[in-house]
Protein chains: 2
Amino acid sequence: MTEAPASTTGRILHSLRGEILSGAIGPGERLRQEDIAARLGGSRLPVREALRTLAAEGLVEIEANKGARVPVLDRDEVQTLYLMRERLEPLALATSLPRLTASDIDAAEAIQERIEAGVDVIDFLTLDRELHMLTYTGCNDEQLMATIERLWNSTQHYRRAFMESGGPGRAWVINAEHRLLLDALRQGDSEGAELHLLGHIRRTRRELSSALHLFVEE
Amino acid sequence: MTEAPASTTGRILHSLRGEILSGAIGPGERLRQEDIAARLGGSRLPVREALRTLAAEGLVEIEANKGARVPVLDRDEVQTLYLMRERLEPLALATSLPRLTASDIDAAEAIQERIEAGVDVIDFLTLDRELHMLTYTGCNDEQLMATIERLWNSTQHYRRAFMESGGPGRAWVINAEHRLLLDALRQGDSEGAELHLLGHIRRTRRELSSALHLFVEE
DNA sequence: ATGGCAGAGATTGGATCCAATCACAACCCA
DNA sequence: TGGGTTGTGATTGGATCCAATCTCTGCCAT
């Protein structure tokens, strides 16, 4: 997610995805090809290809002759995306665990310590994602990991909006879940790790779903 | 999956996807932009956009300056795709069931009767897919259904190769599983339906995994 | 005979230009 | 005054052209 590709299409794709994930381009916002081409450098052609890719990833939606915009998700859609995470991420974790090294878990714990030391909203989102992705490094299946990243990407905006509007309130819950997850991983306890991960995602889903103010119709 | 779009890009995308799913273009085969443009009508531009979309779907892989080809999956990759189906399709089924009408189930049973009446390999693949997708019609979540369709698409070649090389041998097993699934749906038994579906996908995964001749290195 | 190398043809990547469609505003008429 | 209509600017869709990279063949040297 961090490597910068050489081709123009790859570069524009990378930049656009980053702008959507960072919130610089929010849900409902329109993406004009010429604007993007001028802003990111290049002609409209690589922009169109990048938009096609983003559309297949679910990060934008393209309507024929009417252009691309960032989709506005309602509560049910975000809920389903989280239900998908609840099903797929334990699978990735179980696949990853046998190949996970002690230093992988060390790195994850270092991230957790930074989270507990106190960070702002934007840093938390980045570190939380890094931590979870680190636990999946042993899973080298492209399709599974690509699907999981898509699920994170599609819900990124709502996670950030939730955190910025006060967040979960009880930070210790997240930390306890992370610690339990990492401990289970350390012990090679696949089932335990899967259960803690499931509970972690499930609780987040429920908190997001009850934050109705995130999903007011526009 | 069957509607023919008006735009050139959409038409080419639809045709290319169909050719890959039908086996007209097999794994490892290269896709030259100019060939496709000449064959399907249009310039290379819409072809490139269609290839980008197919790449994001996992139906082709694009290497910079080297073009697109249909990916060759090994046994582990197909296995993981099926494990993903085992996780996601019961979710789609549970979401679908409350909105499923009696006539939906009637239609699915009609398909099952056609399968039992005896069909060739290609018809079976089509009907089997139609049957399962029918059971998901009540699930109107775009992302979940798109992900499931991608999983079917990515594994379509190996399913067909398996069927053509003798298949499961015991056709009654599939029919029993389908009947049990449909019966549970008829009774509104969500848990039972999920279990039968899981068993159905799981058995297919195991049979495919043990058919090593499908995955010889090239 | 075999391995490396060079060059020509093939193929992809990108830019510019033209056509088609859409959105919006001004205008006309009831 | 309000609603429909038409026309113009804005935006997207598609085609052709040029540049960059790759591939593959044939040649040369060892």
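Scope of the values below: all heavy atoms of this structure, side chains included, with no hydrogens, waters or symmetry mates. Since this is a predicted model, take the numbers as computed values, not measurements.
- At a cut-off of 3.5 angstrom, counting only N and O atoms as typed in the model, there is no donor on one side facing an acceptor on the other between the side-chain of Arg48(B) and the base of dG14(D).
- For DNA chain C, the neighbouring residues in residues 36-46 of chain A, judged by any heavy atom under 4.0 Å, are Gly42(A), Ser43(A), Leu45(A), Pro46(A).
- Between Thr8(A) and the phosphate of dG14(C), there is a side-chain N or O to OP1/OP2 separation shorter than 4.0 Å.
- Rounded to whole Å, atom P of dT21(C) lies 19 Å from atom CD of Glu34(A).
- Atoms CZ (Arg32(B)) and P (dT12(C)) sit 7 Å apart, rounded to a whole Å.
- The shortest distance between the side-chain N/O atoms of Thr9(B) and the OP1/OP2 oxygens of dG13(D) is not below 4.0 Å.
- Atom pair Glu49(A):CD and dA15(C):P shows a separation of 11 Å (rounding to whole Å applied).
- Put simply, Gln33(B) has a side-chain N or O that comes within less than 4.0 Å of OP1 or OP2 on dG13(C).
- Checking Tyr82(A) against Arg87(A) by side-chain atom types alone, no donor-acceptor pair falls below 3.5 Å.
- A salt bridge is absent between Arg69(A) and Glu63(A): the closest approach of a Lys/Arg side-chain nitrogen to an acidic carboxylate oxygen does not fall below 4.0 angstrom.
- Atom-to-atom, CG of Leu51(B) to P of dT11(C) comes out at 14 Å; the value is rounded to the nearest Å.
- With 3.5 Å as the limit, one finds no donor-acceptor pair spanning the side chains of Thr53(B) and Glu49(B).
- Side-chain atoms of Asp104(A) and Thr101(A) form a donor-acceptor pair, as typed in the model, at a separation below 3.5 Å.
- No donor-acceptor pair closer than 3.5 Å links the side chain of Thr155(B) to the backbone N or O of Val78(B).
- Between the side chains of Glu194(A) and Ser190(A), at least one donor-acceptor pair of N or O atoms lies under 3.5 Å.
- Remark: the backbone N or O of Asp106(A) is not paired with any side-chain donor or acceptor of Glu109(A) at under 3.5 angstrom.
- Residue contacts for Leu31(A): at a heavy-atom cut-off of 4.0 Å it reaches the sugar-phosphate backbone alone, with no base atom in range.
- Contact between the side-chain N/O atoms of Lys66(B) and the OP1/OP2 oxygens of dT11(C) is not found at any separation under 4.0 Å.
- One finds a salt bridge joining Glu86(B) and Arg205(B) here, because a Lys/Arg side-chain nitrogen approaches an Asp/Glu carboxylate oxygen to under 4.0 Å.
- Taking 4.0 Å as the cut-off between side-chain N and carboxylate O, Arg203(A) and Glu177(A) count as a salt-bridged pair.
- Of the residues in residues 54-65 of chain B, those lying under 4.0 Å from DNA chain D by heavy-atom distance are Asn65(B).
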